[in-house]
Amino acid sequence: MSPRESRDHDQGAGAVLLCGEVRTCLLPAHQALDVRAAAQLLRLRADERVLVSERPNLYARSPDALTGVDCPLPSASGAKVRAVGTVAARGALTEGRVLQTSARLSLTARGPDHRQPWGHYLVRPGLLEPFGRLPREAVAEGVLAGARRGELDVGLIADGLLTRLLRHPLLDQRPPFKSRPTRLRWTALTAGPGTDRPVIERLTLAEDELRTLALRVPSGADPAEVAALCEDLALHDWLLTTLVRLLDGSRLGSADGTAVVRALRPAVDHLLHLWMPRARLDPAFAALWDALEERPGFTRQWEALVRRIRDQLALHAIPALHQEAVMAP
Amino acid sequence: MTEAVFRETAAEPRTQAVPLAHLSLELGHLYMEDFEAGPERLRRHFAQVVHWAEAVRGSTAAATGKRPRISTCFLIDDYFTRFSTPRELVPQLLEEAERAGLSIDYLARESGCAVADGAQVAEAVAGRLVESPPPGAYGARPPAGQTGWLANGERSPVARTPQAMKKAIPWQAPRETAARQHSVFLDVELWSERPGGGKLWSCPFLAAVWQLARLGLLRHEGQAVLTPRPHEGPFPDDWDEMPPLLQLQERAAPFAAYRTCSVLPNRFMPVEHAVRVVLDQTEVDPGALQQVAARSAGEGAAVPASVADRISYVFYAGQ
């Protein structure tokens, strides 16, 4: 997929703050979906194709669905800033197994102090205009801290799309193992001239299932590309979280070998082949992975976990040998 | 960084471009009651339209500063009621237009706005409705198009039977979101359920689809829909055998245009108000939108950003 072919109109023209939220969960279906079924699941609109890509892994993404909002923005300073526009949301399925929904929006530095005809906002999909000037730092902080009731809640929109997709008749609601969904909330302030590369300012594992990510991106960055980076991070963070949980629950070292194998088997069947950071990212954003590989070392942790699982399975695959060794004098 | 060497065509969205005129001028709609009223009704209609059409041509030429490309079209209802046959009706229609000095370039069937060449056109447009949020909407509202109704504001809350010991909630007024001081609230029925199942699209909704077709903004999976087909041979005996959009004049300007104008009797006013409400809340294909914006700007005839602002009307007094 060429990132430059992005169909989005929300090219961030005049946007000074981008933000969004990603939901990641295991697809509740016994069998992973194939390409055709994935395209069927993600067909949010009758007239728009689902993007399907088979290299380097199987990936399908829905067209954007818009939701209109007109409400105050969350803000750390308590400033009440009303904004009007649309939030873009899309769903994606990786290897027919991991389902994600992602909602995003861009905010302009300033806007008219009264509401425009709705058509004005509709031709700027994914863009919100504040009434007056946007206190961007305060709003960025407010978004990461979470919206209060009545304030713009991007997560609700990602949730709404996820609920809609999870109800699809293609899904038999029989996931192959237990797992928990995760949320990643992100903001990206645009940097002034002279900054040509995006940077990760802060990645926080906030609560159990919530991660927050603060980015700084060059002005004019494509919000769809920034969202793609966040979706990629959220996917791999979910994989790590889920694998750690599987290992936690497998009672390694206990005498019952079959129990361990039974606990670890879903990892081998459904997860181990999914690790593929930066598979479809714009090169500028893909480079951000380097920092994460350095610290905390996502891939390092993943490889260690995978080795552990393989060692365990190898160990339990040779019970006879194991028994003999114990019985020898 | 180098450009991608590896590409997957299925992973890249494409939008087909369509030829565009400056103006699509609609010379009328024909419903069964018009047909039943006899050829005099059509004659009177075209006798009125010819003057307004001339004025519209003049104003378009003044706005573009050159000889504008203008195509004319006419819509026949074969969706709500079936009457007559193309073989009988179309020559009559063309004759009356010609008598008034008008030439119809393109002839469309209303059912083509519901389904055209296998594409579910109306269903696709319904899927693109993005409701205008009333103040206070923060993302918790269900998506548009579940009820079959679309409003230009907030409806009155439903009055419930008061429970014992509780005060009845007094009536609250509906509110137009874009109101200036006072509201003109409109709630449009987009479709109803057919007795045998399936949707019966409403006249205003199909008229909104018709406007989008004339503005060159309809696509199905990136491909243009409701594209004109040339007229050959005699007109068929069955409406279904006639293409949804027929090109009658070989040298006509393109069917789709930057702007539209419709000359209609004023009984169409409520329908066309509803059309504006629908268009104002329809997110059209961004690729198509961009193509029209770029081409019109390149010609020095830039279109208004908002789709609903690209359409205009002349309502004349009469039936």
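A, B, ... follow the sequence lines: proteins, then strands. Residue 1 opens every chain. Just so you know, these numbers come straight off a predicted model, no measurement behind them.
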Region of B:Thr177 that comes under 4.5 Å of a non-hydrogen atom in chain A =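 Contact with chain A is through the side chain of B:Thr177 alone.
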key: Portion of B:Ala178 that has a non-hydrogen atom of chain A nearer than 4.5 angstrom   =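 Neither; nothing under 4.5 Å.
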request  = Could you label the plane-to-plane angle of the B:Trp201 and B:Trp191 rings as parallel, tilted or perpendicular, counting under 30° as parallel and over 60° as perpendicular?
outcome  =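 B:Trp201 and B:Trp191: perpendicular rings.
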inquiry  = Parallel, tilted or perpendicular: which one describes the rings of B:Phe315 and B:Tyr313, with boundaries at 30° and 60°?
reply    =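 B:Phe315 and B:Tyr313: parallel rings.
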message = Less than 3.5 Å apart, any donor N or O on the side chain of A:Arg164 or A:Thr101 sitting next to an acceptor on the other?
response =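 Checked: A:Arg164/A:Thr101 side chains show no N/O donor-acceptor pair below 3.5 Å.
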query = Among side-chain atoms of B:Asn152 and B:Arg175, is any donor-acceptor pair under 3.5 angstrom?
reply =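 Checked: B:Asn152/B:Arg175 side chains show no N/O donor-acceptor pair below 3.5 Å.
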Positions in residues 140-150 of chain A that reach chain B, provided some heavy atom is under 4.5 Å away =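 Residues in range: A:Arg149, A:Gly150.
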inquiry  = Do the side chains of B:Lys199 and B:Glu123 get close enough for a salt bridge, i.e. N-O under 4.0 angstrom?
reply    =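 Between B:Glu123 and B:Lys199 there is a salt bridge, with a charged N closer than 4.0 Å to a carboxylate O.
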message = What I want to find out is whether A:Asp64 reaches A:Arg104 closely enough, with some N-O distance under 4.0 Å, to be called a salt bridge.
response =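 Yes, this pair counts.
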query = Out of A:Arg115, A:His114, A:His120, which one racks up the most heavy-atom pairs below 4.5 Å with chain B?
reply =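 Heavy-atom pairs under 4.5 Å are most numerous for A:Arg115.
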Any residue meeting side-chain hydrogen bond (donor to acceptor under 3.5 Å, both in side chains) with B:Arg194, in chain and number order, not counting sequence neighbours =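 Per chain and number, B:Arg194 pairs via side-chain hydrogen bond (donor to acceptor under 3.5 Å, both in side chains) with B:Tyr79.
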Closest-packed option against chain A by number of heavy-atom pairs under 4.5 Å, given B:Thr282, B:Asp280, B:Asp309 =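 With the most close heavy-atom pairs to chain A, the winner is B:Asp280.
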task = Go through the steps for B:His220 and B:Gln120 under the test side chain to side chain donor-acceptor pair (under 3.5 Å), then give the verdict.
result = CA-CA 9 Å; B:His220 181 79; B:Gln120 301 286 331; over 6 Å; no
